[in-house]
Amino acid sequence: MTRDIHWLNLLPRDDAIKQLKSCCGSDRWAEQMVNRRPFTTFDQLQTTADDVWWSLTADDWLEAFRAHPKIGEKKAVTATSIQSQHWSNSEQAGVQNSSSGETAASLATLNREYESKFGYIFIVCATGKSSDEMLAILRQRMKNQPAKELRIAAAEQAKITQLRLKKLIE
């Protein structure tokens, strides 16, 4: 089946929400996206995705973060679609393929410290990044103040959403 803008526009509401939630785990984001259909172009879909994302509350962002597994892990805190799980595994391939035991242990330790400091998991657009690169990013972001870090994490989620929208609309 070809997935394109027309396909997304014609999906029944609940099916469209389910498909969009595989791109971003925020209920409110997916609902607002469905409410803004029909989309005429992929660019419009992407622009709308960003507009909706940045209009949401911190609670909505945190809900989306919970739909991701921690870097180096396979399972998210909240239940996600098989498609979303597959995408997460693919996005984190750099960790799976390039992580030494020491790097993996450091990522796990710093992930716990990050979550303890900020109250949510470390979110990074992992596509194309090695485990060493993600570890360096994590170390740098641990220095941030909570308000600044939340905006950075939200921007990373926005990047992930854009990549997943491209995967959704093949």
Side-chain angles (χ1 to χ4, degrees), residues 1-11 13 15-74 76-97 114 118 120-131 133-134 136-138 140-141 144 147-170:
M1 168 189 356
T2 301
R3 292 181 171 185
D4 58 13
I5 294 295
H6 184 68
W7 164 82
L8 182 61
N9 289 334
L10 292 177
L11 281 176
R13 179 178 175 76
D15 292 343
I17 288 172
K18 181 180 175 184
Q19 291 295 325
L20 289 166
K21 277 203 61 169
S22 67
C23 298
C24 176
S26 164
D27 288 333
R28 191 174 311 198
W29 178 85
E31 289 167 5
Q32 286 188 26
M33 289 294 293
V34 168
N35 290 342
R36 294 195 184 191
R37 292 185 302 173
F39 301 107
T40 56
T41 64
F42 184 70
D43 287 343
Q44 181 194 16
L45 173 68
Q46 289 184 299
T47 300
T48 302
D50 277 342
D51 291 346
V52 169
W53 177 249
W54 291 109
S55 75
L56 299 177
T57 67
D59 286 340
D60 298 314
W61 294 349
L62 295 173
E63 178 186 25
F65 299 169
R66 288 190 296 271
H68 291 279
K70 294 176 184 174
I71 296 295
E73 296 186 9
K74 300 262 185 206
V77 172
T78 59
T80 58
S81 70
I82 291 173
Q83 185 173 40
S84 182
Q85 291 169 20
H86 173 73
W87 287 342
S88 288
N89 290 339
S90 174
E91 291 158 2
Q92 289 195 37
V95 173
Q96 309 304 328
N97 297 335
Y114 180 98
F118 296 111
Y120 52 88
I121 70 163
F122 172 63
I123 299 291
V124 65
C125 184
T127 300
K129 292 181 178 66
S130 70
S131 55
E133 288 174 294
M134 284 186 270
I137 293 167
L138 177 51
Q140 184 62 39
R141 286 179 47 194
N144 291 333
K148 178 180 179 182
E149 182 55 27
L150 181 60
R151 298 282 303 173
I152 292 170
E156 291 296 307
Q157 173 63 57
K159 291 178 197 174
I160 294 165
T161 300
Q162 290 296 331
L163 289 172
R164 289 184 176 190
L165 285 170
K166 288 177 187 172
K167 294 173 187 177
L168 181 68
I169 307 296
E170 300 171 358

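The first residue of the sequence shown is numbered 1, and numbering continues consecutively from there. Because only heavy atoms are used, hydrogens play no part in the values below, and waters and symmetry mates are left out as well, while side chains stay in.
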Does [Y] offer a backbone N or O that forms a donor-acceptor pair with the side chain of [X] under 3.5 Å?
X: Q44; Y: T40; result: yes
X: R28; Y: L56; result: no
X: Y120; Y: W61; result: no
X: R141; Y: F122; result: no
X: R37; Y: A16; result: no
X: E133; Y: S130; result: yes
X: K166; Y: Q162; result: no

If I take atom [atom1] from residue [X] and atom [atom2] from residue [Y], how far apart are they, to the nearest 0.5 angstrom?
X: M33; Y: R36; atom1: CE; atom2: CZ; answer: 8.0 Å
X: R164; Y: I169; atom1: CZ; atom2: CD1; answer: 14.5 Å
X: Q19; Y: L165; atom1: CD; atom2: CG; answer: 11.0 Å
X: L168; Y: I5; atom1: CG; atom2: CD1; answer: 8.5 Å
X: D15; Y: L8; atom1: CG; atom2: CG; answer: 11.0 Å
X: Q32; Y: S55; atom1: CD; atom2: OG; answer: 4.5 Å

Side-chain ion pair, E63 and R66, N-O less than 4.0 Å: no
Residue pair [X] / [Y]: nearest heavy atoms and the distance that separates them:
X: C125; Y: L163; value: SG-CD1, 3.4 Å
X: G25; Y: A67; value: CA-CB, 3.8 Å
X: C24; Y: A64; value: SG-CB, 3.9 Å

I'd like to check [X] versus [Y] (side-chain heavy atoms, cut-off strictly below 4.5 Å). Are they in contact?
X: I160; Y: I123; value: yes
X: T48; Y: F39; value: yes
X: L62; Y: L150; value: yes

Stepwise, does the side-chain contact (heavy atoms from CB on, under 4.5 Å) test hold for K129 with I137? CA-CA 10 Å; K129 292 181 178 66; I137 293 167; 3.6 Å; yes
Residue pair D50 / T47, side-chain donor-acceptor N/O under 3.5 Å: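 Their side chains do not contain a donor-acceptor pair, so the 3.5 Å distance test is not met.
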Please determine, by modelled atom types, if T161 and Q157 share a side-chain donor-acceptor pair under 3.5 angstrom. yes
Establish, yes or no, whether a centroid distance under 6.0 Å links the rings of W54 and W29. no
Parallel, tilted or perpendicular, judged at 30° and 60°: which one describes the rings of F65 and W53? tilted
Checking T41 against Q46 for the side-chain contact (heavy atoms from CB on, under 4.5 Å) test, could you report, in this order, the C-alpha distance in whole Å, the side-chain angles of both residues, the deciding distance, and whether it holds? CA-CA 9 Å; T41 64; Q46 289 184 299; over 6 Å; no
For M134 and L138, run side-chain contact (heavy atoms from CB on, under 4.5 Å): C-alpha distance rounded to whole Å, both residues' side-chain angles, the deciding distance at 0.1 Å, then the answer. CA-CA 6 Å; M134 284 186 270; L138 177 51; over 6 Å; no
